[in-house]
Amino acid sequence: MKNICLNIDKVASFIPKEKIAAYESQVKAAMETLEKGTGLGNDFLGWLHLPSSITKEHLADLKATAQVLRENCEVVIVAGIGGSYLGARAVIEALSNSFRWLQARQNGPIMIYAGHNIGEDYLSELTEYLQDKKFGVINISKSGTTTETALAFRLLKKQCEEQRGKETAKKVIVAVTDAKKGAARVTADKEGYKTFIIPDNVGGRFSVLTPVGLLPIATAGFDIEKLVEGAKDMEALTGSDVPFEKNPSALYAATRNALYAEAGKKIEILVNFHPKLHYVSEWWKQLYGESEGKDRKGIFPAAVDFSTDLHSMGQWIQEGERTIFETVISIEKPNRKLEVPSDEENLDGLNFLAGKRVDEVNKMAELGTQLAHVDGGVPNMRLLVPELCEYYLGQVIYFFEKACGISGYLLGVNPFNQPGVEAYKKNMFALLNKPGYEEESKAIRARL
Ligand code: PA5
């Protein structure tokens, strides 16, 4: 069986290979710090050996609950924000039919997301859509107090109880939250919902392989055993005993730090050539943005969907400020087969493509873009993924997580906290006159 692999050949003209190799001792030290738990944020290392510690019983429990939701719901709403929703959405959308929504026959519930914004129109339109649906909710919040999620859940709980009755609601509402604290825990215990615990030592953006991600993914009908197996294999492939040049996470962390520190590349763009991967990029953006963007440091994580965005962002990437590098997630083999048909009249002039797979056209777009961007001054890394399935997504998830931990330590920050996220919340609560924020309310109003 193949594994995902990282190709950094197209970085060589920007940073000599020896400079990347010179990171070996720092990377080794960062990995040792992670393993020994002696670095900053060491109370949030539960993700490090999570894949190899997940038991069959735990997966069976998750699958049984997912089955209850699948049997009793046409629609399941995943309520959560940031790390409490992006991983699940990334995997579900990467594996789902692009037009699942529009298909008359659904194999399992439609998955919908809420609690990740405070848009009145969004929530009102969702309420309206759910009016005639048998729906259930997976309410995900580690703190149990996040405003966006709590607000959406309040609306959804009320609607579910009114439409389906309190008894059924109890069966189709599941909480994924802290073992003891937070309003989500209090509500779940009082109402008697089935609950799953988010371990204390796993931060939101590293939590996709906890019930935060696994329950929604199983509910959508995907194989969480395979996902965990892929992650577990990648845990071994990125272990401390693997030589630097063979360890993809070590190599990725070293290369991006070398580009940042020694070639002035301050922005990393994660690129895909399959629209299904859009939310993988969103998940990745949070993972790296929240982990590294602190102490006035950090590569800015951006993302584009190609070839779509070549027609909007392509100009900037080709010829704008030369502070960017790209990491392309390249899917080697598509899951389906579609050939370009021949056309007798050839009015569109496309007969030179007749008989070719659509994927071959896509691959040539990928290769052509890579060469053009490298010529234009954009270093390019490629993460080669044999195919889009649970197993390889598990590998991708752990590959990026491990690299993120190493990379944060190379940068000299605590990759596992997110103090900056609190600033907007404090102001919002003050502006909304939340009890306990009286002083802040006065102060902020004086500034308006
Ligand atoms: O990564 C993080 O810690 C955050 O993105 C959180 O996941 C997000 O803020 C949601 O928090 P909570 O799960 O407490 O509702």
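Ligands are counted one by one from 1 in listed order, and the atoms in each one are counted from 1 as well.
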Return the closest protein heavy atom for atom 2 (C) of ligand 1 as residue, atom name and distance. Glu290 OE1, 3.2 Å
Hey, which atoms in ligand 1 end up nearer than 4.0 Å to a heavy atom of Ser84? 7 (O), 12 (P), 13 (O)
Looking only at protein heavy atoms, identify the closest one to atom 3 (O) of ligand 1 and say how far it is in Å. Gly204 N, 3.7 Å
Among all protein heavy atoms, pick the one closest to atom 10 (C) of ligand 1 and tell me residue, atom and distance. Ile81 O, 3.3 Å
Positive for side-chain contact (heavy atoms from CB on, under 4.5 Å) with Ile140, one of Pro211, Ser207, Pro216: Pro216
If you scan protein heavy atoms around atom 12 (P) of ligand 1, the nearest is Thr146 OG1, 3.3 Å
Could you go step by step and tell me if Lys285 and Glu282 meet the salt bridge (Lys or Arg N to Asp or Glu O under 4.0 Å) rule? CA-CA 5 Å; Lys285 269 161 59 183; Glu282 294 301 310; 3.1 Å; yes
Within the 4.0 Å heavy-atom shell around Ser143, which atoms of ligand 1 are there? 12 (P), 14 (O), 15 (O)
Hey, which atoms in ligand 1 end up nearer than 4.0 Å to a heavy atom of Gln286? 1 (O), 2 (C), 4 (C), 5 (O)
With no hydrogens and no angle check, is any side-chain donor or acceptor of Lys276 less than 3.5 Å from a backbone partner on Ser96? yes
Tyr252 vs Phe399 aromatic rings, parallel, tilted or perpendicular, using cut-offs 30° and 60°? tilted
Looking at atom 6 (C) of ligand 1, what's its closest protein heavy atom, distance included? Gly83 N, 3.9 Å
Indicate whether any N or O donor in one side chain lies under 3.5 Å from an N or O acceptor in the other, for Gln67 and Glu71. yes
Atoms of ligand 1 close to Lys142 [distance to a heavy atom under 4.0 angstrom, numbered from 1]: 12 (P), 13 (O), 14 (O), 15 (O)
Go through ligand 1 atom by atom and flag the ones less than 4.0 Å from a non-hydrogen atom of Gly82. 5 (O)
Mind checking whether Trp47 and Phe416 have parallel, tilted or perpendicular rings, split at 30° and 60°? tilted
side-chain contact (heavy atoms from CB on, under 4.5 Å) with Ser330: of Leu383, Val385, Leu384, only one passes, and it is Leu384
Any Thr149 heavy atom less than 4.0 Å from ligand 1: no
Before accepting this row, confirm whether a basic side-chain N of the pair Glu162/Lys158 lies closer than 4.0 Å to the acidic partner's carboxylate O. yes
